[in-house]
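Please read all numbers here as calculations on a predicted model, not as lab measurements.
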Amino acid sequence: MMPGDVGAGVDARCRCRSVSIVSLGTEREAAAGSAGQPGLVRSYLRGSGLVAELGSPAPSRLRARILGGVPLEVHECPRWDIFDSDWYTSRSLIGGADIIVIKYSVNDKTSFQEIKDSYVPMIKKALNRCSIPVIISAIGARKNLPCTCPLCTSDQGSCVTTSEGLQLAKEFGATYLELHALNDFYIQKYFGGVLEYFMIQSLNQKSSEKMKKRKKTQKCHRVQPPQLDQPEKLPILKGEASHYDSDLHNLLFRCQCADVAFYSQDFSKVVEAHKVILCSVSQVFMLLFNVKSPADIHDSSVLRTAQNLFAVDTGAGLPVPHGAAEPNALARVIVKDSVFCSCLLDILHFIYSGACQWERLEEDIKKKLKDSEETEHVLEKVKCILKTPGKLNNLRDGSSHQIHQLYNTSLRLFFNTPVLADVIFTIQGATVPAHRAVLVARCEVMAAMFNASILQAMSLLICAEMYQVMRLQHICELYIITQLQSMPSRELATTSLSIVSLLKKAKFHNSDCLSTWLLHFIATNYLIFSQKPEFQDLSVEERNFVEMHRWPSNMYLKQLAEYRNYVHSQKCHCAVM
């Protein structure tokens, strides 16, 4: 490939650009003199017309025009000591290059090894990960080619082999060339072809960067369409974690709706509790409060535990302390074991808290009794109470994990059953028995009604606010918000549901979170709700809030109108529409 042949095909836009080449190393052998024919790059430029030679011998600067008039500047550094004497200059030189040419003689292995070990790492460091093309040129015909016979080793280190050159090019990510002689055929066809390919690539890249910069500059001077900002983020409502265990624990702590009282052997009251909670724990309490008969219990150890630990007062033998009358609904139970009775409050706290803190119960009893035998005695009694028939026959070896598996607050056993029920709901002629203690602690019966529509959820929210069931009110708020968020715009536009009416009810019933969210919801969907008649029912304060936070904003609509007028006046296409 000749320089004149390529120049005609170069884009005219590239002619205003220039190419910088840095040529490193020499193609002559160390023993040879400096006289002779020109070097590799000079020989290539000889056919292009050398314009000027500037600078000192190290490095020298050559200027020429190639490819039909593209300016070319070559920095020739035949001596590598420039990296040792002036690192800053050499780094700047390599960093500003478009193409790097590295030359060495195939018959000078000492110089090649020095280039590979010392100067190639410096070039990599100076490039600093820049993707500049590199051409490695191995020049000359090898002398005294080494014999492949294993017995001949004298000449194996006298020249640089092709594999060594290829390995260096591979490590560098470079293009490898072998030129047996510095004549026009090798220089123009092989070296010139590769060099001009990289020249054209460099020119095209610079032209592309210039065009991008020009387009960017032109774009900055154009009238831009208004940018539609994102709508304001709706208030975030975090879901409340379940507090089932704490609810039951607080039920014991506050003694609400208690229906059983435990007494010591000296007839002093110890603690009040709830039959339904205790019977959900153990068959011992089921037997004690006649939920099950002795015939229903097939484990003799349950019968023995109930008889040895407790005695239910029939109303005749137990005196009333301090002359106070006990409520008729409050059953009275005597605890026969005095040591167990002294720890009864801790045991009930353990049961009402979910029976998941066995180690804490052990520590509390140890601190209270301060006697290892009595502590072990009480813990064994607790295990006997919690025992499920057919499980853990040897309670003495029971682990904490096994104890937790034994205990399961099966309140579901008492759902919709008259056993221990003290409340009856009448619903359309049907009766539903329930337990006051559970309703007070959890309100699970009303929570079971939650699978309803938005209007039903609002009705339930009003009831929850009336009876101050705050968590149920919060669940209703989350349900209403979730349902409204899932409605598409078309459904919002056609629905008969009045969002403004929901807003009024939420405000009236002190649902601040829901009312705030609904105001933001109306503002975010302003184009839909502003067309509905109910929009006029908003108060002045609410209307001002919606207008302030509306989406799209008035500013955007004004900018959009101005841009449309501009597009119409220029008779061009709209970039937005």
Please list every donor-acceptor pair under 3.5 Å in which a side-chain atom of residues 506-514 meets a protein atom from a residue at least two apart or in another chain.
{"unit_1": "K507", "atom_1": "NZ", "unit_2": "E542", "atom_2": "OE2", "d": "3.0"}
{"unit_1": "N510", "atom_1": "ND2", "unit_2": "E465", "atom_2": "OE2", "d": "3.2"}
{"unit_1": "S511", "atom_1": "OG", "unit_2": "E477", "atom_2": "OE2", "d": "2.3"}

Close side-chain approach of [X] to [Y], heavy-atom, < 4.5 Å:
X	Y	answer
F262	K269	no
V260	E272	no
L472	Y467	no
F340	V335	yes
I334	V312	no
L278	F289	yes
W551	L228	yes
V378	E374	no

Is atom [atom1] of [X] surrounded by more than 12 heavy atoms (other residues, nucleotides or ligands) closer than 6.0 Å?
X	atom1	value
R543	CZ	yes
K558	NZ	no
E541	CD	no
E373	CD	no

[atom2] on [Y] to [atom1] on [X], rounded to 0.5 Å:
X	Y	atom1	atom2	result
M487	L492	CE	CG	4.5 Å
M466	L461	CE	CG	11.0 Å
L518	L234	CG	CG	10.5 Å
D537	L503	CG	CG	10.5 Å
D229	M555	CG	CE	11.0 Å
L557	E562	CG	CD	11.5 Å

Side chain to side chain contact (heavy atoms under 4.5 Å, CB included) evaluation trace for K381 with T305: CA-CA 8 Å; K381 294 297 183 184; T305 301; 5.8 Å; no

K336 vs N308, side chain to side chain contact (heavy atoms under 4.5 Å, CB included): CA-CA, chis, key distance, verdict: CA-CA 7 Å; K336 298 180 180 181; N308 296 336; over 6 Å; no

Excluding sequence neighbours, so at least two apart, what forms side chain to side chain contact (heavy atoms under 4.5 Å, CB included) with [X]?
X	value
D296	K292, S293
L497	I454, L455, L484, T495, I499, L502
E171	K116, K124, Q167
V270	S264, C341, L344

If I compare all heavy atoms of [X] with all of [Y], which pair ends up nearest, and what's the gap?
X	Y	result
D117	P121	O-CG, 3.6 Å
P226	Y556	O-CE1, 3.8 Å
A493	K532	O-NZ, 3.2 Å
A457	A452	N-CB, 4.3 Å
V284	C384	CG2-O, 4.2 Å
F414	C279	CZ-CB, 3.6 Å

Check whether [X] reaches the backbone of [Y] with its side chain - one donor and one acceptor, N or O, closer than 3.5 Å.
X	Y	result
N290	M286	no
R550	P552	yes
D313	R332	no
K275	A258	no
S282	I385	yes

Pair D337-H377, side-chain donor/acceptor within less than 3.5 Å: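 There is such a pair between these side chains.
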
Plane angle bin for Y526 and F535 - parallel if under 30°, tilted between 30 and 60°, otherwise perpendicular: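 Judged by the thresholds at 30° and 60°, the geometry between F535 and Y526 is perpendicular.
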
Plane angle bin for Y352 and H274 - parallel if under 30°, tilted between 30 and 60°, otherwise perpendicular: tilted

Selection residues 418-432 - residue pairs positive for salt bridge (Lys or Arg N to Asp or Glu O under 4.0 Å), sequence neighbours left out: D422-R436

Partner of F350 under side chain to side chain contact (heavy atoms under 4.5 Å, CB included), chosen from L386, D364, I365: L386

List in chain and number order the residues that pass side-chain hydrogen bond (donor to acceptor under 3.5 Å, both in side chains) with [X], two or more places apart in sequence or in another chain; answer none if no residue qualifies.
X	value
Q227	none
S300	R304
S498	E534
E363	none

L345/H349 under side chain to side chain contact (heavy atoms under 4.5 Å, CB included): CA gap, chis, key distance, verdict: CA-CA 6 Å; L345 184 59; H349 278 300; 3.7 Å; yes

Residues which pass ring-ring contact (aromatic ring centres under 6.0 Å, His included) with F521, listed by chain and number, not counting sequence neighbours: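 Partners of F521 under the ring-ring contact (aromatic ring centres under 6.0 Å, His included) test: W517, F529.
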
For H520, ring-ring contact (aromatic ring centres under 6.0 Å, His included) partners two or more places apart: F545, H549

Candidate pair E362 and L379, rule side chain to side chain contact (heavy atoms under 4.5 Å, CB included), full reasoning: CA-CA 7 Å; E362 287 182 321; L379 293 176; 3.7 Å; yes

